[in-house]
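Read through the structure below, which is laid out as structure tokens, and then see the notes.
Atoms within a ligand are numbered from 1 in the order they appear, just like the ligands themselves.
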Amino acid sequence: MNLTAETITAAPSATRPRQGLHVITWGCQMNVYDSARMSDVLRPLGYGPVDTPEDADMIILNTCHIRERATEKVFSELGKLRKIRDERVQGGKSRTVIAVAGCVAQAAGEEILSRAPYVDLVLGPQTYHRLPEMVARAARAGGTVIDTDFPAEQKFDYLPDQAAPQTNGNLTAFLTIQEGCDKFCSFCVVPYTRGAESSRPVASVIAEARRMVMSGVREITLLGQNVNAYHGLDENGRSTTLAELAIDLAKIPGLERIRYSTSHPRDVEQTLIDAHRDIPALMPFLHLPVQSGSDRVLKAMNRGHTADEYRDIIRRLREARPDLALSSDFIVGHPGESEQDFQDTMQLIRDVGFASAYSFKYSPRPGTPAAGQPLQVAEDVKDRRLAELQALLREQQDAFNESLVGTVQDVLITGLGRKPGQLAGRSPYLQPVHFDGPAELIGQIVKVSITIRRTNSLGGVLIRETALAC
Ligand code: SAH
Ligand code: SF4
Ligand code: F3S
């Protein structure tokens, strides 16, 4: 999963909003989506985006609990925000409302109350539709207002209809279709922070996708903690698979590209594999986390599949879509991981070949089964294994990027590049691509002849005839 640390800002508006809102987002793509939805919910109260916390009447820290370091960052950031607030008050400005949202709020709400009692609002990922009511309660009562329920109502039913999509220049957007997890992997906090698995109804997803496309979006990434466990109901009350949903979405005129993340190997059904063969809009790039290549460790992790079953899924996917490239997540140093287990992971990486990957040292999380296991792996062993694994993954990523030099790729132009006259876009494999071309082409999908690979991007030459024909 693509972990991100970014501040959500919108294009600067001509007039300053009545109330400045600054949202700081950490964690996964779903948090990026949630941050945009929280901004939507607050818009009717007069809140609009401002670029800096110093200018904000309200600051939301949307947090991640996945690893220890992510959680500790929250408390250090809160200390900084408190200082900013004090300086604002001393300067005669309004007292900033500080809110902590997301997975740390859910998992460690009480800890926030005791370690940072100056925080005004603490809200979990399932209650952000109640933000306006919470803001009003905080203003009335003072003290910290906390809401970390798993409410019976679905927050999606309460979000404003005209939600502005979380976009990158209005051309790419995230859309949450499934949330929560019932799989309880030994190491993971997500089932505790996001709650039980649930899927949005098909009509609600299609309506939001249409709104996004009408506002200019060309590429949508469907999000879920286990997005391919999607089973939303259609208008006849029938459970729908991700493959069926993708077929419906691909019919929306103007929606050129569909992606989904994060999927679980256990839920890769044949219908989804067939969808990769049959739906051209479904991009040939799949993030399918495996975590380990050792059957012993996969069992200890409660992943529910073996390394060979993973290899077999990849084989079937590649049969269906030969140009499919893969990305994955890996954890080294799960309790009990032996040197042989680690070598099995290295072998799986060699066997599959990944275009990119995220890899982490195992981080014990309070309340998860693995945290209490006796055979914890020493930190220096984890460090060494991570370095070895990342060197191999880097080699594979470089080789994949190199293999594209000399090919022609469809590139969605998302904006201007850094140099004058340059455009920036993304390939089907999510690589940034830079090339010279006129700004009028922004928003189009053009053919680019790839001429060079850089560390994390590609360079190329626009094939003009095709661009003009678009
Ligand atoms: N639902 C996804 C993963 C969500 S969490 C899946 O099943 O694959 C994103 C990634 O963070 C995981 O894939 C895992 O590699 C990593 N991660 C989760 N918990 C972790 C922990 N305790 N220590 C280290 N990495 C962890
Ligand atoms: Fe976490 Fe496992 Fe659920 Fe993924 S499938 S969110 S790793 S518990
Ligand atoms: Fe982090 Fe929560 Fe996402 S723990 S990875 S923000 S689901």
Practice task
For Pro289, counting its heavy atoms only, list the atoms of ligand 1 lying under 4.0 Å from any of them.
Solution key: 8 (O)
Exercise for the section: Return yes when atom NZ of Lys299 has more than 12 non-hydrogen atoms of other residues, nucleotides or ligands closer than 6.0 Å, and no otherwise. Expected result: no
Completion exercise
Which of Arg384, Glu337, Glu388 passes side-chain contact (heavy atoms from CB on, under 4.5 Å) with Val332? Answer is Glu337
Exercise for the section: Please identify which atoms of ligand 1 are closer than 4.0 Å to at least one heavy atom of Arg365. Expected result: 22 (N)
Practice task
List every atom of ligand 3 that sits less than 4.0 Å from any heavy atom of Cys103, numbering the atoms from 1 in the order shown and giving each element.
Solution key: 2 (Fe), 4 (S), 6 (S), 7 (S)
Handout entry: Which of the ligand 1 atoms, numbered from 1, are nearer than 4.0 Å to a heavy atom of His264
Key = 7 (O)
Exercise for the section: Please confirm whether Arg37 makes a cation-pi placement over Tyr128, using NZ or CZ under 6.0 Å from the six-membered ring centre and within 45° of the ring normal. Expected result: no
Exercise for the section: For Cys64, take its heavy atoms, then give the atoms of ligand 3 lying under 4.0 Å from any of them. Expected result: 1 (Fe), 4 (S), 5 (S), 6 (S)
Practice task
With sequence neighbours left out, write down each residue that passes salt bridge (charged side-chain N to carboxylate O under 4.0 Å, His left out) with Arg315, or none if nothing qualifies.
Solution key: Asp312, Glu319
Problem - Residue Gln225 vicinity, atoms of ligand 3 by number, heavy atom under 4.0 Å - result: 7 (S)
Exercise for the section: Have a look at ligand 3 and work out which part of Met30, if any, has a heavy atom under 4.0 Å from it: side chain, backbone, both or neither. Expected result: neither
Handout entry: Donor-acceptor pair between Gln126 and Gln106 side chains, under 3.5 angstrom
Key = no
Handout entry: Aromatic ring proximity, centroids under 6.0 angstrom, Phe354 and Phe330
Key = yes
Exercise for the section: Find all atoms of ligand 3 within a distance of less than 4.0 Å from any non-hydrogen atom belonging to Asn31, and give their numbers and elements. Expected result: 6 (S)
Practice task
Establish, yes or no, whether a centroid distance under 6.0 Å links the rings of Tyr260 and Tyr230.
Solution key: no
Handout entry: Subset of ligand 2 atoms that lie under 4.0 Å from at least one heavy atom of His264
Key = 5 (S)
Completion exercise
At under 4.0 Å between heavy atoms, what of Phe187 touches ligand 1? The answer is both
Problem - Ring centres under 6.0 angstrom apart (Phe150, Tyr192) - result: no
Fill in the blank from the handout: Taking only non-hydrogen atoms of Arg303 and a 4.0 Å limit, the atoms of ligand 1 in range are 6 (C), 7 (O), 8 (O)
Exercise for the section: Would you please classify the geometry between the His287 ring and the Tyr358 ring as parallel, tilted or perpendicular, with 30° and 60° separating the classes? Expected result: perpendicular
Practice task
Taking only heavy atoms of Lys361 into account, list the atoms of ligand 1 that are under 4.0 Å away from them.
Solution key: 23 (N), 24 (C)
Handout entry: Gln347 and Gln343 side chains, donor-acceptor separation under 3.5 Å
Key = no
Handout entry: ligand 1 atoms in contact with Thr262 (distance to a heavy atom under 4.0 Å)
Key = 2 (C)
Problem - Ligand-side contact atoms (ligand 1) for residue partner Tyr362, heavy atom cut-off under 4.0 Å - result: 23 (N), 24 (C)
Problem - Donor-acceptor side-chain pairing of Arg453 and Gln431 below 3.5 angstrom - result: no
Handout entry: N/O separation below 3.5 Å, Ser363 to ligand 1
Key = yes
Exercise for the section: Go through ligand 1 atom by atom and flag the ones less than 4.0 Å from a non-hydrogen atom of Gln225. Expected result: 1 (N), 2 (C)
Handout entry: Any N, O or S atom of His65 closer than 2.8 Å to atom 2 (Fe) of ligand 3
Key = no
Practice task
Check Ser199 against Gly232 and note the closest heavy-atom contact, atom names and distance.
Solution key: CB-N, 3.5 Å
Problem - Side chains of Thr271 and Asp274, donor plus acceptor under 3.5 Å - result: no
Problem - Distance-only donor-acceptor check, side chains Glu244 and Thr240, under 3.5 Å - result: no
Exercise for the section: Under 4.0 Å, heavy atoms only, figure out whether ligand 2 is touched by the backbone of Thr262, its side chain, both or neither. Expected result: neither
Exercise for the section: Could you tell me whether the side chains of Gln390 and Ser359 share a donor-acceptor contact shorter than 3.5 Å? Expected result: yes
Problem - Under 2.8 Å from atom 1 (Fe) of ligand 2 - protein N/O/S, by chain and number - result: Cys188 SG
Completion exercise
Among non-hydrogen protein atoms, atom 4 (Fe) of ligand 2 lies closest to Arg303 NH1, 4.2 Å
